[in-house]
Amino acid sequence: FDTDCGTGSWDDISGYCPFDVHLMVAGIGTVCDEESITDMKRILPDLRVKIYPEAGHSIHSSCRGEFVADLESIINEAERGNCKL
């Protein structure tokens, strides 16, 4: 994934992705628009998308509580074995 353009990276994992992929999207000033999300979900149908409407680019700073709770949930789910790995 040696690129600053995500298109190539998404194409690389489109055939098979052995792990759950979570996309966390800021609602304010995001570069990830609805069309981009639709394209990503077309390439990776199991993509899990979370939009933080009140968050800016640095979601972990502008929406810390919700971000940390979601991240902990992702980690706990992986620990329970509820993921593709």
Side-chain angles (χ1 to χ4, degrees):
F1 304 132
D2 187 21
T3 178
D4 62 354
C5 176
T7 303
S9 298
W10 284 100
D11 288 341
D12 289 343
I13 64 173
S14 64
Y16 173 72
C17 186
F19 49 85
D20 293 331
V21 177
H22 297 260
L23 176 65
M24 297 170 152
V25 181
I28 300 170
T30 186
V31 296
C32 191
D33 59 24
E34 215 33 64
E35 183 179 346
S36 296
I37 294 171
T38 299
D39 287 344
M40 287 183 263
K41 286 200 63 82
R42 180 185 47 76
I43 292 168
L44 194 64
D46 292 336
L47 177 68
R48 296 181 183 191
V49 180
K50 171 67 183 261
I51 298 173
Y52 298 82
E54 302 300 318
H57 175 76
S58 297
I59 299 168
H60 65 281
S61 293
S62 56
C63 201
R64 181 175 300 278
E66 189 175 359
F67 173 83
V68 170
D70 290 339
L71 191 55
E72 287 175 345
S73 177
I74 291 166
I75 293 167
N76 289 335
E77 184 175 311
E79 285 180 335
R80 288 190 303 270
N82 296 336
C83 63
K84 295 179 193 174
L85 284 176

Visitor: Any sub-3.5 Å donor-acceptor pair from S73's side-chain atoms to A69's backbone N or O?
Guide: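 Side chain of S73 to backbone of A69, a donor-acceptor pair under 3.5 Å: no, none is there.
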
Visitor: What are the two closest heavy atoms between I37 and C32, and how far apart are they?
Guide: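 Closest heavy-atom pair between I37 and C32: CG1-SG, 3.6 Å.
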
Visitor: Calculate, to the nearest 0.5 Å, the distance between atoms CD and CG belonging to E66 and L71 respectively.
Guide: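 Rounded to the nearest 0.5 Å, the CD-CG separation comes out at 12.5 Å.
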
Visitor: Quick check: closest heavy atoms across A26 and G56, and the distance to 0.1 Å?
Guide: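 Distance-wise, the nearest heavy atoms are CB-O, 3.0 Å.
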
Visitor: Atom CD of E77 and atom CZ of R48: how far apart are they, to the nearest 0.5 Å?
Guide: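 Rounded to the nearest 0.5 Å, the CD-CZ separation comes to 4.0 Å.
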
Visitor: For side chain to side chain donor-acceptor pair (under 3.5 Å), just list the numbers for D33 and S36, CA-CA rounded to whole Å, side-chain angles, deciding distance to a tenth of an Å, and then say yes or no.
Guide: CA-CA 5 Å; D33 59 24; S36 296; 2.8 Å; yes

Visitor: With hydrophobic residues grouped by side-chain heavy-atom distances under 4.5 Å, do V25 and Y52 end up in a single group?
Guide: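 No.
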
Visitor: Let me confirm one number: the NE2-CD1 distance from H22 to I74, rounded to the nearest 0.5 Å.
Guide: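 With rounding to 0.5 Å, NE2 (H22) is 4.5 Å from CD1 (I74).
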
Visitor: Take T30 and I51 through the side chain to side chain contact (heavy atoms under 4.5 Å, CB included) test and state the conclusion after the steps.
Guide: CA-CA 10 Å; T30 186; I51 298 173; over 6 Å; no

Visitor: Do I75 and L23 sit in the same hydrophobic cluster, where Ile, Leu, Val, Met, Phe, Trp and Tyr count as joined when their side-chain heavy atoms come under 4.5 Å apart?
Guide: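 Hydrophobic grouping puts I75 apart from L23.
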
Visitor: Should we count NE2 of H57 as having more than 12 external heavy atoms under 6.0 Å?
Guide: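 Counting neighbours around NE2 of H57, 12 or fewer heavy atoms of other residues, nucleotides or ligands fall under 6.0 Å, so no.
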
Visitor: Which heavy-atom pair separates E54 from I28 by the least distance, and what is that distance?
Guide: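 Looking at all heavy atoms of both residues, the closest pair is O-CD1, 3.5 Å.
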
Visitor: Report whether M24 and V49 are members of the same hydrophobic cluster (ILVMFWY, side-chain heavy atoms less than 4.5 Å apart, transitive linking).
Guide: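 M24 and V49: separate clusters.
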
Visitor: What's the spacing between D70 CG and I59 CD1 if we round to 0.5 Å?
Guide: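 Going from the CG atom of D70 to the CD1 atom of I59 covers 9.5 Å.
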
